[in-house]
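To start, the structure under review is shown below, and the notes come after it.
Computed from a predicted model, the values in this text were never measured in an experiment.
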Amino acid sequence: MNLAIVVHGGAGKILKEREEGSRSGVKRAALKGYSILKQGGSALDAVEEAVRIMENDPHFNAGHGSVLNETGEVEMDAIIMDGKNLASGAVSAVKCIANPIKLARLVMEKTDHMLLTDQGAFAFARAMGVPEVPGESLITERSRERWRKNLETSSSPPELQKDLGTVGAVAIDSAGNVACATSTGGLTNKRVGRVGDTACIGSGGYADNNVGATSTTGHGESIMKVVLARLSLYYMEQGKPPEEAADAALNIMKTRVGGLGGVIVISNSGDWAARFSTENMSWAAVKDDQLLCGISAGERYTQSVEEALSSIEL
């Protein structure tokens with residue numbers, strides 16, 4: 001079985017001064033996830049760790065670096081799914097947790113539920129011994145400045161929703177199992193309690209060994225309307241390769257509801273794609289000991305894993 005992992009750092013407009021940090025972040029996450037696969041680890045472990053790394057990176061809108069809601073607080077959503085048995089866990093509107101993706105996996109493995117939210121999720125985290133962190137520790141000055149600027153307007157201008165950076169990963173392991181994981185801080189100045197696509201199975205992510213796995217990014221409400229993650233896999237079930245399936249799903253979202261976004265997809269044979277209808281999406285993939293990455297349409301840099309590891313500290 002061809003081991004492979006694909007990660008994304010969010011679809012939108014990535015400012016020039018943030019391109020290098022975003023590119024380095026997705027490369028680091030993909031390389032770390034791939035190292036787990038190479039050591040015989042599971043796809044589930046690989047996608048969780050890849051997303052955890054991006055949650056800890058302030059270049060992305062997840063974990064540390066999340067955007068703020070209307071009251072200036074961080075509320076985060078995350079999902080993880082195992083393609084082997086369709087098990088899934090998710091959390092929404094969680095605060096004071098450094099890595100929501102880890103809490104989502106605990107929901108999957110330690111409860112009979114699939115989604116816990118807000119205070120219920122926080123109480124569960126405490127019961128599981130998940131460390132509580134100060135809310136301020138998750139806030140960057142950049143997120144705070146976005147929040148302040150948005151308070152001065154009656155609505156959220158497009159420029160304040162650029163470069164938001166939802167993160168995600170999909171992978172296939174040596175046993176042929178696939179998995180997905182997605183994590184986000186949501187929309188800048190969103191209403192308290194707003195839940196976007198990320199925590200919703202079939203929208204923010206989906207994994208099924210019979211087909212493949214996918215993780216999405218973009219305008220959450222649009223993604224939910226077309227159930228973008230599952231729609232991408234539907235087109236694969238119809239015989240389309242990952243790239244065509246992703247493009248078809250994104251086209252449906254754009255034509256039906258006017259939504260833009262991005263999708264990473266991996267098939268149960270190890271073929272993969274990273275596609276987006278926005279101006280940019282940071283992504284990286286590793287397969288056959290080759291690292292590929294890009295940010296703009298048509299951009300695809302390639303280097304060996306050995307070469308990449310010499311310049312990036314995991």
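For the pair T214/I264, no side-chain contact is recorded, criterion being any heavy-atom separation below 4.5 Å from C-beta on. Side-chain contact check for L187 versus R194: some heavy-atom pair is nearer than 4.5 Å. Using a 4.5 Å heavy-atom cutoff, the side chains of F124 and K110 are in contact. Side-chain contact check for Q290 versus V305: every heavy-atom pair is 4.5 Å or farther apart.
With respect to K95 and E132, no salt bridge is recorded, no charged nitrogen being found less than 4.0 Å from a carboxylate O. Salt-bridge formation is not detected for the pair R52/E55: no Lys NZ or Arg NE/NH1/NH2 atom is positioned less than 4.0 Å from an Asp or Glu carboxylate oxygen. Ion pairing between R105 and D82 fails under the 4.0 Å rule for side-chain N and carboxylate O. Contact check on E75 versus R191 returns no salt bridge, with no Lys/Arg side-chain nitrogen under 4.0 Å from an Asp/Glu carboxylate oxygen. Ion pairing of E141 with R146 is absent here, as no side-chain N (NZ or NE/NH1/NH2) approaches a carboxylate O to less than 4.0 Å. Under 4.0 Å is where a charged nitrogen must lie from a carboxylate oxygen, and between R230 and D208 no such pair does. With respect to the salt-bridge test (charged N to carboxylate O, under 4.0 angstrom), the residues R275 and E244 do not qualify. Look at E145 and R142 and you find no salt bridge, because none of the NZ, NE, NH1 or NH2 atoms lies under 4.0 Å from a carboxylate O. No salt bridge links K190 with E70; every basic N to acidic carboxylate O contact stays at or beyond 4.0 Å.
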Review point. Can you check side-chain contact (heavy atoms from CB on, under 4.5 Å) on R18 and H59, steps first, answer last?
Key: CA-CA 7 Å; R18 295 183 64 82; H59 285 90; 3.9 Å; yes
Practice item. Might you work through the side-chain contact (heavy atoms from CB on, under 4.5 Å) test for L228 and L250, ending with a clear yes or no? Key: CA-CA 8 Å; L228 185 63; L250 287 168; 4.1 Å; yes
Exercise for review: List the steps and the verdict of side-chain contact (heavy atoms from CB on, under 4.5 Å) for K287 and Y34.
Suggested key: CA-CA 8 Å; K287 181 179 179 182; Y34 188 70; 5.7 Å; no
Exercise for review: Could you give me the CA-CA distance, side-chain angles and deciding distance for Y235 and D247, then say whether side chain to side chain donor-acceptor pair (under 3.5 Å) is met?
Suggested key: CA-CA 10 Å; Y235 282 118; D247 284 346; over 6 Å; no
Check your understanding: side chain to side chain donor-acceptor pair (under 3.5 Å) between E306 and S310: does it pass, once the steps are laid out?
Key -> CA-CA 6 Å; E306 183 179 3; S310 68; over 6 Å; no
Review point. I139 and E73: side-chain contact (heavy atoms from CB on, under 4.5 Å), yes or no, with the steps?
Key: CA-CA 8 Å; I139 300 175; E73 293 182 299; over 6 Å; no
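For CZ of R256, the number of neighbouring non-hydrogen atoms (other residues, nucleotides, ligands) closer than 6.0 Å is 12 at most.
Atom OG of residue S296 and atom CD1 of residue I14 lie 7.5 Å apart, to the nearest 0.5 angstrom. Remark: S22 OG to K27 NZ distance equals 11.5 Å, nearest 0.5 Å.
Remark: the N268 side chain and the N209 side chain contain no N/O donor-acceptor pair separated by less than 3.5 Å. Neither side chain, D173 nor S42, offers a donor N or O lying under 3.5 Å from an acceptor on the other. With no hydrogens or angles considered, a side-chain donor-acceptor pair links D197 and T216 at under 3.5 Å. Using a 3.5 Å distance cut-off with no hydrogens or angles, the side chains of T182 and S215 do pair a donor with an acceptor. Side chains of E20 and S24: a donor on one and an acceptor on the other come within 3.5 Å.
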